[in-house]
Amino acid sequence: MKRVFAIFKALFLSNLKSPASLFWTIIFPVMLLLILGSIFLNVGKSVSVKVAVVNESSTFKGTNMDFASHIVKALKDMSKATDDKTPLLTIESGTTQSFLQNSIKELKIDKIDAVLVIPKLFNTYLYARALHFPSKVKNESLVIYTQRNSQSSNIAFSILDSVVSAFNREFMKHSGVTNIVIPETEYVSMGKGSSFSYVKFLVTGIIVMAFMTVALFGVTDDLLVQREKKVLRRIFVAPVDRSHYLFGMTLSNVVLEFVQLALILVVGIWMGAKLKFGPDAFFYLLLTLFVMMPLGFFVASFAKSANSGNALASIFNFLFMFLGGLFFPISGVPFALKVVAYSIPTTYLANGLRDSMGVSPSPTPTYLNILVPIIWAVVMTLYSIRYFKWEV
Amino acid sequence: MKFWTNLWALTLNALRDKTSTFFNFIFPLIILIIFGYVFSGTYSQSTVKIAFVGPKLPEIEGVNYEEFQNLSDLKKAILTQKDDFGLSLSGKTLRIYLNPSNMQSNDYYISIGKRISKKINEANGIVSMINVKRTEVSFSGKKFNYLNNLIPGILALSIFSVGIFSMTAGLAHLRDKKVMKKLWTTPISRWHFYGAFIFEKVIETYISILALFGIAVMIFGVYYTVDWFEFTILVLSATFGMMGIGMIILLFSPNAKVASEISSAIYTVMMFFSGVYFPIKIMPPVLQRVAYSLPLVYITDAMKYATNIAPMSRIRFYFIIAIMFVGFVLVLMGFSKVFKSE
């Protein structure tokens, strides 16, 4: 036991003194949580879009039937800042063809996000429709120009479309139409008093990622570098058994992972993540620890050198991080990638952890959330025992 | 003559270095494939699965309905991602139930819900007074999808990683293994060696970027109208620029391992601030300022311009090129004055 503790102390202090180790195991997960958390917490909050409104309407000007000016006024009201918040819309308005051409040019070069065009006979058309007059005026639709594949353009369109929908509802109300179907959005939550937040989703994913990077870049790198530099050979000249070394190394990484976990949870809670800590949550945390630890040995068993180990670890890291749904759900991926995603242990560990911590129900059954990672842990351990070479 | 000998030796060394081949070519390719599919799938779902409760809903192209008997089963199906989203029509309200974790897709699902409510109203003889016609425009007039935007960004990231790692991994290893110390005992001019090293790395980067681009076009079936002159000059200048950053990292690093670690950390952080995976506009203002202070954003924008995806003024493009060439100056300064080869 003394020897195990001596090795644990040496390796743990070595990790603490290594800036690289400190960065990847402690600083990087926290930094990632802060960056991704603040980005996605900000979505929809401080976004402001720029819209050009071209009011070409030329009939019923200055009268109550000047519906075009009501729309323009509504948009201008939305562009006023309230309570020191950034206004949702910034409006530029004009009436001429040259203003329209310039606006579309600016839209194409990303200077504005949308162009709303109110056609010439818009007021006449609406007046005729409102009074059910047969009219020779053809369907005068509002035209909204947006930029292809631009998220801010899509947001601008949603805002303008919502304004138009509100006007349509008012028209219906005044016409006595009462059975209009209106869409309303509801975000499904896990239960009473529980609301989803992306920070909660992220915290659980980053916990799995943090445990994984300790194994992949801590264990793998330590073993391979020490093997290459013949440090392991010298250690085993001393009365130290390989099992002592393994237990000491495992203990050192487990303690590091607990430090990581504490930091990630503190930062996550500070960012507003309210997580449940029942027995099943502790179970999944321990399962993640137990499954990720052999991963480092497994990768080290394949690699002949520290460089190739690093390369292999990078592949595993990216695959497990992004296909494991640690940062984003992976529901829309093609079938071939779904097969890969549902074979890797991080998918199940993240699902189980999120379910147990009250973030979101697991899309995979509980028995798979436990069985698949355990199978991985057993296979990786057996492979490492059989194939890892302590000396090359 | 010596320059070409050095160049040949360094080229053979690069071809035989499996780690270098992996990080310069295979790793970016893996990232391209994973991110290409993970981030594009949600934007181009061919079929959407909708859970519904209550009266039947109108058929819409690309939508498959699954009926549930009660709301709690419907919500469970959405939360466990068995269905993409849910609908229930009750009186005058069409409620759209969304999984909050599907941040990338929810706007798209809401637009489908609105289309369905419009169809219901039309079936009841209720037609909107004000109609909206959406017209999409693009800089080049062509139809691009999310992948068209993503691929130039990934190419920019690859230039960044190859440029930086060529110095912090390649040159640092030659220094640490005393290869350069031995070379200086021979009648090889340092500038022949450095020139050959830079030339080899730039050509290696260009070939790997071209290969990556070609594979991306083949796998994802995307189309670009590339200005090859501007593309070439961008790849070359960006490689110099990133080599310059790599040189700065190398000057402050005691050995190759530390230099590689710093480069990996910078690369990983820059990935999220590059605007490749999510737009910079959605970041908080503080993080936007961080993003705009990093070179990768500008390389990404310039790459989108060179592949005719996004607009940029010529002046701005060549200004970015000029700034990147400043990196070349940093490389030369590092070689000539401060870089310690022992």
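Just so it is clear: chains get the letters A, B, ... in the order the sequence lines come, proteins before strands, and each one is counted from 1.
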*Asks:* Compare every heavy atom of A:S38 with every heavy atom of B:L287, then report the nearest pair and how far apart it is.
*Replies:* CD1-OG, 3.3 Å
*Asks:* Would B:F273 and A:I35 satisfy side chain to side chain contact (heavy atoms under 4.5 Å, CB included), going step by step from the backbone distance to the final call?
*Replies:* CA-CA 9 Å; B:F273 286 105; A:I35 291 171; 3.6 Å; yes
*Asks:* Run the side chain to side chain contact (heavy atoms under 4.5 Å, CB included) test on B:I262 and A:F23 for me, step by step, so that the C-alpha distance in whole Å, both residues' side-chain angles and the decisive distance to 0.1 Å come before the verdict.
*Replies:* CA-CA 9 Å; B:I262 296 174; A:F23 177 80; over 6 Å; no
*Asks:* So for A:F217, is it side chain, backbone, both, or neither that comes closer than 4.5 Å to the heavy atoms of chain B?
*Replies:*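 No part of A:F217 comes within 4.5 Å of chain B.
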*Asks:* Could you look at A:V225 and say if it's the side chain, the backbone, both or neither that has a heavy atom under 4.5 Å from chain B?
*Replies:* side chain
*Asks:* Looking at B:N124, B:L98, B:T80, which has the largest count of heavy-atom pairs under 4.5 Å with chain A?
*Replies:*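 Most pairs with chain A among the choices: B:L98.
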*Asks:* Between atom NZ of B:K114 and atom OG of A:S158, what is the distance when rounded to the nearest 0.5 Å?
*Replies:*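 With rounding to 0.5 Å, NZ (B:K114) is 5.5 Å from OG (A:S158).
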*Asks:* Side chain to side chain contact (heavy atoms under 4.5 Å, CB included) between B:N131 and A:L142: does it pass, once the steps are laid out?
*Replies:* CA-CA 6 Å; B:N131 292 312; A:L142 293 178; over 6 Å; no
*Asks:* For chain A, which candidate among B:S313, B:G91, B:A265 shows the most heavy-atom pairs at distances under 4.5 Å?
*Replies:*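 Highest number of heavy-atom pairs under 4.5 Å: B:A265.
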*Asks:* Find the distance between NZ (B:K92) and CD1 (A:I182) and round it off to the nearest 0.5 Å.
*Replies:*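 These two atoms lie 7.5 Å from each other.
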*Asks:* Let me know if A:T185 has heavy atoms under 4.5 Å from chain B in its side chain, its backbone, both or neither.
*Replies:* both
*Asks:* Give a yes or no on whether the backbone of B:S128 and the side-chain of A:N168 come within a donor-acceptor separation of less than 3.5 Å.
*Replies:*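 Checked: no pair found.
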*Asks:* Using non-hydrogen atoms and a 4.5 Å limit, figure out which bit of A:N317 sits close to chain B: side chain, backbone, both or neither.
*Replies:*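 Contact with chain B: none, neither part.
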*Asks:* Non-hydrogen atoms of chain B under 4.5 Å away: do they reach the side chain of A:L160, the backbone, both or neither?
*Replies:*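 Neither the backbone nor the side chain of A:L160 comes within 4.5 Å of chain B.
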*Asks:* Please give me the minimum heavy-atom distance between A:Y125 and B:M129, naming the atom from each residue.
*Replies:* CE2-O, 3.7 Å
*Asks:* Between A:F201, A:F318, A:F67, which shows the greatest number of heavy-atom pairs under 4.5 Å with chain B?
*Replies:* A:F318
*Asks:* Which atoms of B:D107 are under 4.5 Å from chain A, going by heavy atoms: the side chain, the backbone, both sets, or neither?
*Replies:*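 For B:D107, there is no contact with chain A at all, as no heavy atom is under 4.5 Å.
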*Asks:* Using every non-hydrogen atom in the two residues, find where A:P361 and B:L79 come nearest and quote the distance to one decimal.
*Replies:*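 Heavy atoms of A:P361 and B:L79 come nearest at CG-CB, 3.4 Å.
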*Asks:* With sequence neighbours excluded, what pairs up with A:L22 under the side-chain contact (heavy atoms from CB on, under 4.5 Å) test?
*Replies:* A:L16, A:I26
*Asks:* Select, from A:I104, A:I109, A:D110, the one with the greatest count of heavy-atom pairs under 4.5 Å involving chain B.
*Replies:*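 Top option by heavy-atom pairs under 4.5 Å: A:I109.
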*Asks:* Just to verify, what does A:K50 make a salt bridge (charged side-chain N to carboxylate O under 4.0 Å, His left out) with, not counting sequence neighbours?
*Replies:* A:E92
*Asks:* Measure the spacing between CZ of A:R148 and CD of B:E136 and express it to the nearest 0.5 Å.
*Replies:* 5.5 Å
*Asks:* Nearest 0.5 Å, please: how far is CD1 in B:I130 from CD1 in A:I118?
*Replies:*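 Reported value, rounded in 0.5 Å steps: 9.0 Å.
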*Asks:* What distance separates B:I30 CD1 from A:L319 CG, expressed to the nearest 0.5 Å?
*Replies:*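 Here the rounded value is 6.5 Å.
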*Asks:* So which part of B:I116 gets closer than 4.5 Å to some heavy atom of chain A, the side chain, the backbone, both or neither?
*Replies:*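 Neither; nothing under 4.5 Å.
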*Asks:* Is it the side chain or the backbone of A:D161 that comes within 4.5 Å of chain B heavy atoms, both, or neither?
*Replies:* side chain
*Asks:* Which atom names give the shortest non-hydrogen contact between A:V181 and B:N121, and what distance separates them?
*Replies:*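 Here A:V181 and B:N121 meet closest at N-OD1, 2.7 Å.
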*Asks:* Would you call A:E186 and B:K75 a salt bridge, using N to O less than 4.0 angstrom?
*Replies:* yes
*Asks:* Need one label for A:L32: side chain, backbone, both or neither, based on atoms under 4.5 Å from any heavy atom in chain B.
*Replies:*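 The side chain, not the backbone.
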*Asks:* Run the side chain to side chain contact (heavy atoms under 4.5 Å, CB included) check on B:F85 and A:V188 step by step: do they pass?
*Replies:* CA-CA 10 Å; B:F85 72 102; A:V188 182; over 6 Å; no
*Asks:* Applying side chain to side chain contact (heavy atoms under 4.5 Å, CB included) between A:Y187 and each of B:I96, B:N106, B:N99, B:I78, report the one that passes.
*Replies:*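 Looking at B:I96, B:N106, B:N99, B:I78, the match for A:Y187 under the side chain to side chain contact (heavy atoms under 4.5 Å, CB included) is B:N106.
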*Asks:* Against chain B, label A:L36 side chain, backbone, both or neither, depending on which of its atoms sit under 4.5 Å from a heavy atom there.
*Replies:* side chain
*Asks:* Mind checking the OH-CZ spacing from A:Y145 to B:R134? Nearest 0.5 Å is all I need.
*Replies:* 13.5 Å
